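Predicted, not measured: the structure shown is a model, and the values here were computed from it.
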Amino acid sequence: MAYETERSVQAAIAAEMRLLGPDVLAWPALVSELLDPKFTEIGASGRRWDATSILMLTSAGSVVPVGLVRFLEVISFG
């Protein structure tokens, strides 16, 4: 059971890392594949994000997640 949980966590991290990559963010269809339609998140500013607002933002070509990706790599992979 613990092994299955660990695999699920690693799969979620891998999907999150893929979602944050510039090659995926450039393509709204790929972002849509990785985001659950019920996705919601509260940003650091307090703004509530849902799948539609994320797709609008990423399709505008204004997202540069490199710093966040590097931050997550440090946390996830040491």
Where the side chain of Ser53 meets the backbone of Trp49, is there a donor-acceptor pair that is under 3.5 Å apart?
-> no

Inter-residue atom distance Asp36.CG - Asp50.CG, 0.5 Å rounding = 11.5 Å

Rounded distance (nearest 0.5 Å) linking atom CD1 of Ile42 with atom CZ of Arg47 = 10.5 Å

Pro37 versus Ala51, closest heavy-atom pair with distance = O-CB, 4.0 Å

Atom pair CD/CG of Glu41 and Leu35 - distance to nearest 0.5 Å | 9.0 Å

Say you draw a straight line from CZ of Arg18 to CD of Glu33; how long is it, rounded to the nearest 0.5 Å?
-> 6.5 Å

